[in-house]
Number of protein chains: 2
Amino acid sequence: MDNDTRHVLFRFFNEIGIIAQLSRSAMEARLPKGLTLPHFSVVNHLVRVRDGQTPLKLAKAFQVPKTTMTNTLSGLLDRKLVEMRPNPEDGRSKTVWLTEKGRSFREEAIRSMDPDLTAIGTNFSTDQIAELLPVLAEIRAFMDAQRD
Amino acid sequence: MDNDTRHVLFRFFNEIGIIAQLSRSAMEARLPKGLTLPHFSVVNHLVRVRDGQTPLKLAKAFQVPKTTMTNTLSGLLDRKLVEMRPNPEDGRSKTVWLTEKGRSFREEAIRSMDPDLTAIGTNFSTDQIAELLPVLAEIRAFMDAQRD
DNA sequence: ACTATTTAGTTCGATATCGCACTAACTGGA
DNA sequence: TCCAGTTAGTGCGATATCGAACTAAATAGT
């Protein structure tokens, strides 16, 4: 493999990693103490997609081991942002539902992140960022398919 | 803030986060058991930039708390991939140096990642990825400046 | 020179991630 | 109707991350 190519890819993943790290800590700085990005992400996912999903399905959606999802969900349960109900279709399983508190937590969190997003939106062309999305999505999909 | 804009930015950071997660686990799958991405990154940094830096300087370069760097370095020390020497310019401080084992570890690690990088290099236009770098670097630099 | 403040690094405790192993429940084949 | 194998979720132990508090050394102000 070409040395320049390797270098480009290394830099690419390096930039990606740093931005991910910075955005994560920026988001967590806005969340109530004790809540992390995964907590928000799960609640957000339940709003955007739909609630009532099983923990395993969530673990797969976020590509984390199910033990990690168990842990994340227990934090949300402790704070009553979600609740569990039995899965009528499978006695081993559960379903995860948003509470009112969970929905308002999400809205509040999104609102609190607005200043940071606005800062980026005003300093960068949103169109330019939007143009990155297809490439990023392709790369993400490819890597996702590779992992196994 | 415009709802569409918010959505674009959310998706952007979401894609970034997923790619970071996937690339991290892909890399770690290639590393010797017990070594993580930060371990590799530090060794790689010492080769690319130069060794003999202080732990604090490394912590700042990677934007992690110094306690995290202490922990990462202790893993590298245990495996004799780096060694510490006193800092002649500051009695409180240390300097971190690569060992021969550290250098060959880095080369071996890079070699072992080649298949994965090649897969991406052949399925995507490297030029296209290279074009993303300036934008990503700008965003990274902006966010970096924001955090405080 | 002396003291207060700052700085480099570590220790400690809390929490997140995640592999392994376990239980309970479902499924498929005789 | 059994039983073997699979699947959903959890408990536990190991390690990573990181804030708070500490020690030792440097520095700044007087």
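Letters A, B, ... mirror the listed sequences (proteins, then strands); counts begin at 1.
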If you look at every heavy atom in A/Lys66 and A/Ala59, which pair is closest and at what distance? CA-CB, 4.0 Å
Nearest 0.5 angstrom please: A/Arg30 CZ to A/Phe40 CZ, how far? 13.0 Å
Which distance, rounded to the nearest 0.5 Å, do you find between the CG of B/Leu35 and the CZ of B/Phe105? 5.0 Å
OP1 or OP2 of C/dG9 sitting under 4.0 Å from any side-chain N/O of B/Ser93? yes
Send over the distance from A/Leu56 CG to C/dC26 P, rounded to a whole Å. 15 Å
Is the shortest side-chain N/O distance from A/Thr70 to OP1 or OP2 of D/dT10 below 4.0 Å? yes
Residues A/Thr54 and A/Ser93: closest non-hydrogen pair is CG2-OG, 3.4 Å
Spell out protein contact along nucleotides 13-22 of chain D as letters: B when the base is contacted, S when just the sugar-phosphate is, - when no protein heavy atom is under 4.0 Å; keep the 5' to 3' order. ---SBBBB--
Between B/Glu83 and B/Trp97, is there a donor-acceptor pair closer than 3.5 Å when you use the side chain of the first and the backbone of the second? no
Listed nucleotide nearest any side-chain atom of A/Arg92, set D/dA8, C/dG9, D/dT10: D/dA8
Is there a residue in residues 74-91 of chain A whose heavy atoms reach under 4.0 Å of DNA chain C, and which residues are they? A/Asp90, A/Gly91
Separation of C/dT17 atom P from A/Leu73 atom CG, nearest Å, is 12 Å
Between the NE2 atom in B/His39 and the OG1 atom in B/Thr36, the distance rounded to the nearest 0.5 Å is 4.5 Å
Find out if a path of hydrophobic residues (ILVMFWY) with successive side-chain heavy-atom gaps under 4.5 Å connects B/Val49 to B/Val96. no
Considering non-hydrogen atoms only, spot the tightest contact between A/Phe62 and A/Ser41 and give its length. CZ-O, 3.4 Å
